[in-house]
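Heads up: numbering here begins at 1 and tracks the sequence. What you see is a predicted model, and the numbers here were worked out from it, not measured in a lab.
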Amino acid sequence: EEDLLNDVCREVVEKWSDSQVVDAKEEKEDEVQAIASMMEKQARIVVKPKEVSSQEEKQRKAALLAQYANVTDEEEYPLEDSDGSTGTAVNIGSEKSLFRNTNVEDVLNARKLERELLRDEFHKKKEQDKLQREKDKLAKQERKEKEKKRTQKGERKR
């Protein structure tokens, strides 16, 4: 009976381990299937690009250039005049531009503000130095007077 019991136990363990391997394979297959179905769904969701005519594309390009750069194809390159000199066809009117570049003004204003602050600090320092010199002068005079009084007292005692 013991041999039979060992055989039965071994058989049960083998069947159990086989079923675990089969379950693991099925789980992996399920995961692969789930990923594949998700990829298929995403592929169906991808939006096809609209067919845009070349005229619409040119209009859109012209609108963007007018809005942001105020530059057309003719304005990008210098034109040659009839006399052979090169000139530019840049004609940016204020009524055409939607935005104004204020970088130069901002930098100049910042420099001007910095100069004013430095000038104010210089004047404050100058005033403080002047007051300090006056205080030092008064203190020096007081020391001289005290020394003079002390020497006079010493001379009187003799």
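- Of the inter-residue distances, the one linking Gln128 atom CD with Lys135 atom NZ reads 9.5 Å to the nearest 0.5 angstrom.
- One finds no salt bridge joining Glu145 and Lys148 here, because no Lys/Arg side-chain nitrogen approaches an Asp/Glu carboxylate oxygen to under 4.0 Å.
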Review point. How far apart are the C-alpha atoms of Asn109 and Glu105, what are their side-chain angles, what is the distance that settles it, and do they pass the side-chain hydrogen bond (donor to acceptor under 3.5 Å, both in side chains) test?
Key: CA-CA 6 Å; Asn109 288 337; Glu105 291 177 12; 5.5 Å; no

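- Listed by chain and number, the hydrophobic cluster partners of Val13 come to none, as no ILVMFWY side chain reaches under 4.5 Å of it.
- Between the OG atom of Ser19 and the NZ atom of Lys15 there is a distance of 10.0 Å, given to the nearest 0.5 Å.
- From Gln67, atom CD reaches atom CG of Leu65 across 10.5 Å, with rounding to the nearest 0.5 Å.
- A distance of 6.5 Å separates CD in Glu127 from CG in Leu131, rounded to the nearest 0.5 Å.
- Note: Leu113 CG to Asp106 CG = 12.0 Å, rounded to the nearest 0.5 Å.
- Every residue meeting the side chain to side chain contact (heavy atoms under 4.5 Å, CB included) condition with Gln55, not counting sequence neighbours, appears here in chain and number order: Ser53, Gln59.
- Between Arg60 and Glu57 there is a side-chain heavy-atom pair separated by less than 4.5 Å.
- Phe122 belongs to no hydrophobic cluster with other residues, because no ILVMFWY side-chain heavy atom falls under 4.5 Å from its own, directly or through intermediates.
- Side-chain contact between Arg10 and Asp7 is present, with heavy atoms from C-beta onward closer than 4.5 Å.
- Dense packing is recorded around CD of Glu134, with more than 12 heavy atoms of other residues, nucleotides or ligands lying under 6.0 Å away.
- Salt bridge annotation for Asp129-Lys126: absent, with no cationic side-chain nitrogen under 4.0 angstrom from a carboxylate oxygen.
- Gln152 CD: more than 12 foreign heavy atoms inside a 6.0 Å radius.
- With rounding to the nearest 0.5 Å, the separation of CD in Glu11 from CD in Glu14 is 7.5 Å.
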